There are 2 protein chains.
Amino acid sequence: MKCVTHPMEPTMPTMTAAQRRAAEKADYDVFLAECPSRQLLDRLSDKWVTLVMVALERGPRRYSQLSRTIAGVSQKMLTQTLRTLERDGLVTRTVTASVPVTVTYELTDLGHSLQRVIHGLKDWAEAHMEDVLAARSTYDRQP
Amino acid sequence: MKCVTHPMEPTMPTMTAAQRRAAEKADYDVFLAECPSRQLLDRLSDKWVTLVMVALERGPRRYSQLSRTIAGVSQKMLTQTLRTLERDGLVTRTVTASVPVTVTYELTDLGHSLQRVIHGLKDWAEAHMEDVLAARSTYDRQP
DNA sequence: CGGAATCCTGCCTGATACTG
DNA sequence: CAGTATCAGGCAGGATTCCG
């Protein structure tokens, strides 16, 4: 398993999308620190990324809405997170020239595909909260 | 939607496991900073947690194996991550009293259920690497 | 081998002030 | 409203050393 970027070969029409995806996967390894996929996984495994992606799941949201929805986020981290998500093609940023100005963030198609995965994480956390709390009290009871 | 811990009511035998889970879910909100589920989601949305969970997916692993597999992790963070995963009931820690000592980590059933979700994140990162790289170069080309 | 303990740095956070 | 800028401080996380 190598970690290389793909030379731009002409797309082979004989491959299905699924086959191409499988071929691409084989060339990336998240365990290699230098691999782009590792760096991407590191970025995605971020609490603010997770919360923003979940907050955007039901459609476009304004900056101030996100700020209020995601309790505890600083302006700095919210803006920074939204910028990198925009750069990575996961959200779009739309500025409406009104007074005062309105800025709307929305998931792209790519963003939606990631959102589905991340939503699973949120569901898991909410569904298994009891189990985790029980495990903690068991663990903490021991010397 | 409130964020409360459940008073220990006797389990209602008339509820299915799925029903009980749905009822529990309704009481947790990851957007509230003080909610346990939010804090759990924050912990899970961590790059070392993600990588350790993926590294353990094929069965038990020794500390040194994990250390070598997960490139770039420090002993401190690996130990710290494994400890919290153990405390949260996601992995077991087994010490074999040999010389030198052998320590093995393995996913619990709860851990496996989370691992399936996290694996989706890894798959997404590896599968959509090209899309993200393309989006970045488009973004960076603009002033 | 698998850590624990220590020190130290840099980033995150929080607060405040200022713009288009 | 939706940021950018700046400065304080605290703590996450890296590097190093030592131990059963």
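Computed from a predicted structure; not experimentally measured. Note on naming: letters A, B, ... go to the chains in the order of the sequence lines (proteins, then strands), and numbering restarts at 1 for each one.
- Rounded to a whole Å, the CG atom of B/D46 is 6 Å from the P atom of D/dG13.
- Applying the 4.0 Å criterion to OP1 and OP2 of D/dC1, one finds that A/R62 has every side-chain N and O outside that range.
- Put simply, CG on A/L82 is 11 Å from P on D/dA2, counting in whole angstrom units.
- Using a cut-off of 4.0 Å between Lys/Arg side-chain N and Asp/Glu carboxylate O, B/R136 and A/D88 are scored as salt-bridged.
- Rounded to whole Å, the distance from OH on B/Y105 to P on C/dC1 is 15 Å.
- In this structure, the nucleotide among D/dT4, D/dG13, D/dG20 sitting nearest to the side chain of B/M77 is D/dG13.
- Which of D/dG3, C/dT13, C/dG3 sits closest to the side chain of B/R93 comes down to C/dG3.
- Side-chain atoms of A/H128 and A/D131 include a donor-acceptor pair closer than 3.5 Å.
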field: salt bridge (Lys or Arg N to Asp or Glu O under 4.0 Å) between B/D46 and A/K47, worked out
entry: CA-CA 7 Å; B/D46 174 81; A/K47 59 186 215 172; over 6 Å; no
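- The listed nucleotides are C/dT13, D/dG20, D/dG3; the one nearest the side chain of A/K47 is C/dT13.
- Remark: B/S64 is in phosphate contact with C/dG2, judged by side-chain N or O atoms under 4.0 Å from OP1 or OP2.
- A straight line from CD1 of B/I70 to C1' of D/dG13 spans 15 Å, rounded to a whole angstrom.
- Side-chain atoms of B/T79 lie closest to C/dG3 of the nucleotides D/dA2, C/dG3, C/dC1.
- As rounded to whole Å, 16 Å separates atom P of D/dC11 from atom CG of B/D42.
- Phosphate proximity of C/dA4 to B/Y63: absent, as no side-chain N or O sits under 4.0 Å from OP1 or OP2.
- Rounded to whole Å, atom P of C/dC12 lies 14 Å from atom CG of A/L78.
- Side-chain proximity of A/K76 to D/dG14, C/dC12, C/dG2: nearest is C/dC12.
- With hydrogens and angles left out, the side-chain atoms of A/Q75 and A/Y63 include no donor and acceptor closer than 3.5 Å.
- For A/Q75, whose side chain is taken as the heavy atoms from C-beta onward, the closest listed nucleotide among D/dG14, C/dC1, C/dT16 is C/dT16.
- Note on A/W48: a side-chain N or O is less than 4.0 Å away from OP1 or OP2 of C/dT13.
- Close to D/dT4, at under 4.0 Å from its OP1 or OP2, lies a side-chain N or O of A/R83.
- Side-chain contact annotation: A/S45 with B/T50, donor-acceptor N/O pair under 3.5 Å present.
- Straight-line distance from the CZ atom of A/R68 to the P atom of D/dG3: 13 Å, rounded to whole Å.
- Comparing A/V101 and A/G72 by the nucleotide of DNA chain C that holds the closest heavy atom to each, the one mapping nearer the 5' end is A/G72.
- Straight-line distance from the CD atom of A/Q80 to the C1' atom of D/dA2: 16 Å, rounded to whole Å.
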